[in-house]
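Take a look at the structure set out below.
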Amino acid sequence: YLRRFPIDTLKIDRSFIMEIDQNQEDAEIVAAIVAMAHTLGLKVIVEGVETAPQLEVIVAKQCDVVQGFVFSRPLQAADVPARLAGPLK
């Protein structure tokens with residue numbers, strides 16, 4: 001499917017991320033997915049990153065975009081500008 005459809009981004013499900021900082025097999029699976037995607041010229045988005053240790057592993061695996069509670073809980077649209085203007089907590 002990665003070759004048949006006109007896609008430019010691959011998203012890694014949070015189920016691979018939940019124990020990535022504690023389970024070496026999960027980290028290696030993510031590394032393999034990222035390597036394959038980058039070889040095919042795809043960007044990689046990782047969802048469900050909730051902790052700083054998970055983020056460290058994801059950054060080390062060279063993922064392109066990270067989503068998750070580690071940055072912010074979901075916000076109302078009206079609250080986004082203030083969140084972006086302030087420091088990350």
Side-chain angles (χ1 to χ4, degrees):
Y1 290 113
L2 293 176
R3 293 181 320 165
R4 290 184 191 162
F5 296 115
I7 60 172
D8 59 7
T9 305
L10 182 68
K11 190 170 194 177
I12 298 177
D13 186 76
R14 69 180 296 275
S15 63
F16 292 101
I17 307 308
M18 292 170 47
E19 296 180 1
I20 196 169
D21 58 320
Q22 302 164 6
N23 185 329
Q24 186 62 32
E25 289 179 354
D26 288 350
E28 294 305 322
I29 289 169
V30 169
I33 292 169
V34 171
M36 177 193 62
H38 285 167
T39 298
L40 295 171
L42 304 174
K43 289 184 181 181
V44 178
I45 297 176
V46 179
E47 69 176 6
V49 180
E50 297 181 356
T51 67
Q54 290 171 337
L55 181 60
E56 288 178 24
V57 175
I58 294 303
V59 168
K61 301 301 179 194
Q62 300 180 339
C63 296
D64 301 302
V65 178
V66 180
Q67 297 175 331
F69 292 164
V70 71
F71 299 112
S72 176
R73 295 279 183 192
L75 300 172
Q76 296 292 324
D79 296 332
V80 172
R83 177 71 174 132
L84 293 176
L88 291 177
K89 297 178 189 175

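Since we're looking at a predicted model, the values are computed, not measured. The figures that follow rest on heavy atoms only: side chains count, while hydrogens, waters and symmetry mates do not.
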Each residue besides Ile45 in its hydrophobic cluster should be listed here, by chain and number; the cluster joins Ile, Leu, Val, Met, Phe, Trp and Tyr at side-chain heavy-atom distances under 4.5 Å.
Val65
Taking side chain as C-beta onward, heavy atoms only, is Leu42 less than 4.5 Å from Ile7?
yes
Can you establish whether the number of heavy atoms outside Gln22 located under 6.0 Å from its atom CD is more than 12?
yes
Is Met18 linked to Val59 within one hydrophobic cluster, defined over Ile, Leu, Val, Met, Phe, Trp and Tyr using a side-chain heavy-atom separation of less than 4.5 Å?
no
For the hydrophobic clusters of this structure (ILVMFWY residues joined by side-chain heavy atoms under 4.5 Å, transitively), does one cluster hold both Leu10 and Val66?
yes
Apply side-chain contact (heavy atoms from CB on, under 4.5 Å) to residues Val49 and Phe71 and explain how you reach the verdict.
CA-CA 8 Å; Val49 180; Phe71 299 112; 5.6 Å; no
What pairs of residues pass the salt bridge (charged side-chain N to carboxylate O under 4.0 Å, His left out) test when at least one of them lies in residues 6-21, not counting sequence neighbours?
Lys11-Glu47, Arg14-Glu50
Side-chain donor-acceptor pairs under 3.5 Å in residues 72-81, sequence neighbours left out?
none

Heavy-atom closest pair (Lys61 atom, Ala27 atom, distance to 0.1 Å) is CE-O, 3.6 Å
If you look only at pairs with a residue in residues 28-40, which of them pass as a side-chain hydrogen bond (donor to acceptor under 3.5 Å, both in side chains), with sequence neighbours excluded?
Gln24-Glu28, His38-Asp64
Residue list, side-chain contact (heavy atoms from CB on, under 4.5 Å) with Ile12, at least two apart or on another chain
Phe16, Ile17, Val30, Ile33, Val34, Val44, Val46
